[in-house]
Asker: 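If you scroll down you'll find the structure; I have some questions about it.
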Amino acid sequence: MTRLKLAIQKSGRLAEESLALLERSGLKFAKSKDKLFWFGETLPIDLLLVRDDDIPRLLLAGVCQLGVVGGNVAEEKAAEKARQNETETTLEPLLPLGFGRCRLMLAAPEKGAIRSVNDLDGKRIATSYPELTLRYLKARGVQADVVLLNGAVEIAPSMGSADAIVDLVSTGTTLRANHLEVIDEVLASEAGLYRCPNPLEAEAEALIQTLLTRIEGVKQAAEAKYVMMHAPRAKLADITALLPGAETPTVLELEGDPHRVALHAVCTEQVFWEHLERLKEAGASAILVLPVEKMLA
Ligand code: PRT
Ligand code: ZN
């Protein structure tokens, strides 16, 4: 019987949401005491809980077939492989997951001499992402020294050990606290489901497809709403056009009222108050918006 191993971050920014997504996709695990290996009880997919930086290597080595990791970490590994001319072994993203969003940014001291990437010639850049930084500089024809730091990158300029940094930013608070400002974006990142590069036997590939379909369903359902309302029969086309991401709605008779109908539709995009206000203006009433728990298109 084929079993797959899926690696997720053990603890950190991606850990909770990775596990929650898998659980919403119907995966249940027998949790072991050491918290490193959890046996999959509902699908033959076991969990490996590791440091996020280890995930690309585990996938490339075929120890795990699947992994949830930030695009920044996956791309850093891919850039390293590409530089070593091992392009045939890059990591393949299967699906972006919509959480862990951040941006890898070039930043420099506020109101300093560095205003653009072109001011970096001969300068020192501190980063935990040397490969992505080198790739970025090379693409712009800039020659700078890349200083590898595995933490506290943001203090390097004030310590005098670098002129600029390339670091992850989400809210920007860390940059502001260190009197740094963004000069340019190097990479936009979010968590993704990645797979090992080598093809697997048919049963394993089918299992990956099952997981993908479920995760896609969970992602869609997270935004989807079931919308119900009463509407003038004459306004059906107008009202349908106002529903965000809706397919053909279901139309039901309203007992004793030939001019109005009940309209039900699944909206696959977010439904805001503005949408409801416009529906009301178009003649709809008794509008209800319900959450959708699961979807299988
Ligand atoms: O122990 P392990 O190695 O598994 O974890 P880790 O400490 O390496 O990673 P962790 O948990 O901090 O981050 C895991 C992943 O979350 C990263 O690889 C990114 O894909 C994603 N992510 C999203 C972030 C951020 N947002 C983020 N803001 N990772 C790090 N940061 C840091 C950033 O490095 C900087 O120090 O947060 C600081 C900036 O945040 P703001 O909000 O002040 O801008
Ligand atoms: Zn890490």
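Given the structure is predicted, the values throughout are model-derived calculations rather than measurements. One-based numbering, in listed order, for ligands and for the atoms of each.
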Asker: Working to the nearest 0.5 Å, report the span between CD1 of Ile45 and CG of Leu4.
Answerer: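 It comes to 5.5 Å.
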
Asker: Between Lys77 and Glu80, does at least one N-O distance fall below 4.0 Å, as a salt bridge requires?
Answerer: yes

Asker: Taking only Lys NZ, Arg NE, NH1 and NH2, and the carboxylate oxygens of Asp or Glu, determine whether Glu181 and Arg115 approach each other closer than 4.0 Å.
Answerer: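 Yes, charged N to carboxylate O under 4.0 Å.
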
Asker: Distance to 0.1 Å, residue and atom name: give those for the protein heavy atom nearest to atom 18 (O) of ligand 1.
Answerer: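 So the nearest neighbour among protein heavy atoms is Asn72 ND2, 2.9 Å.
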
Asker: With backbone taken as N, CA, C and O and side chain as the heavy atoms from C-beta onward, which portion of Arg13 lies under 4.0 Å from ligand 1: side chain, backbone, both, or neither?
Answerer: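 Both backbone and side chain.
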
Asker: Establish, from distance only, whether the side-chain atoms of Arg13 and Ser170 form a donor-acceptor pair under 3.5 Å.
Answerer: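 Short answer, no.
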
Asker: Can we say Arg103 and Glu185 salt-bridge, meaning some charged N sits less than 4.0 Å from an Asp/Glu carboxylate O?
Answerer: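 Salt bridge: yes.
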
Asker: What N/O/S atom of Asp53 gets nearest to the Zn ion (ligand 2)?
Answerer: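 For Asp53, the N/O/S atom sitting closest to the Zn ion (ligand 2) is OD1.
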
Asker: Please determine if Arg124 and Asp163 form a salt bridge, counting it only when a charged side-chain N lies under 4.0 Å from a carboxylate O.
Answerer: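 Yes, this pair counts.
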
Asker: Quick one: nearest non-hydrogen protein atom to atom 10 (P) of ligand 1, plus distance?
Answerer: Gln9 NE2, 3.8 Å

Asker: Provide the atom name of the closest N, O or S atom of Asp52 relative to the Zn ion (ligand 2).
Answerer: OD1

Asker: Taking Glu17 first and then Arg24, would you say they form a salt bridge - that is, a charged N and a carboxylate O separated by under 4.0 Å?
Answerer: no

Asker: Is the shortest N/O to N/O distance between Ser170 and ligand 1 below 3.5 Å?
Answerer: yes

Asker: Closer than 4.0 Å to some heavy atom of Gly12 - which atoms of ligand 1 meet that?
Answerer: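 Taking each heavy atom of Gly12 in turn, ligand 1 has 11 (O) under 4.0 Å.
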
Asker: So between Ala177, Ala191, Cys102, whose heavy atom ends up nearest atom 23 (C) of ligand 1?
Answerer: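 Comparing heavy atoms across Ala177, Ala191, Cys102, the nearest one to atom 23 (C) of ligand 1 lies in Cys102.
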
Asker: Flag yes if more than 12 heavy atoms outside Glu277 fall under 6.0 Å of its CD atom; otherwise flag no.
Answerer: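 Correct, the count exceeds 12.
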
Asker: Kindly assign one of parallel, tilted or perpendicular to the pair His264 and Tyr226, based on the angle between their ring planes and the thresholds 30° and 60°.
Answerer: perpendicular

Asker: Given Thr173, Thr171, Val73, Leu14, which one has a non-hydrogen atom that is nearest to atom 15 (C) of ligand 1?
Answerer: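 Selected option, by shortest heavy-atom distance: Leu14.
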
Asker: Answer yes or no for atom 7 (O) of ligand 1: protein heavy atom present at a distance under 4.0 Å?
Answerer: no

Asker: One residue to check: Asp167. Relative to ligand 1, which of side chain, backbone, both or neither has a non-hydrogen atom less than 4.0 Å away?
Answerer: side chain

Asker: For atom 1 (O) of ligand 1, what is the closest protein heavy atom, and at what distance to 0.1 Å?
Answerer: Arg51 NE, 3.5 Å

Asker: For ligand 1, which atoms have a heavy atom of Thr174 less than 4.0 angstrom away?
Answerer: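 By the 4.0 Å cutoff, the relevant atoms are 38 (C), 39 (C), 40 (O), 41 (P), 43 (O).
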
Asker: Is there at least one pair of N or O atoms, one from Asp52 and one from ligand 1, spaced under 3.5 Å apart?
Answerer: yes

Asker: Might you confirm whether atom CD of Glu16 has over 12 heavy atoms from other residues, nucleotides or ligands at distances under 6.0 Å?
Answerer: no

Asker: Tell me the protein heavy atom at minimum distance from atom 33 (C) of ligand 1, and give that distance in Å.
Answerer: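 So the nearest neighbour among protein heavy atoms is Leu168 O, 3.3 Å.
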
Asker: Find all atoms of ligand 1 within a distance of less than 4.0 Å from any non-hydrogen atom belonging to Val169, and give their numbers and elements.
Answerer: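 Result: 44 (O).
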
Asker: Heavy-atom contacts with Gly70 under 4.0 Å: which atoms of ligand 1 show up? List them by number with element.
Answerer: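 So the atoms of ligand 1 that pass are 20 (O).
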
Asker: Ignoring hydrogens and geometry, is there a side-chain-to-backbone donor-acceptor pair from Gln143 to Gly122 under 3.5 Å?
Answerer: no

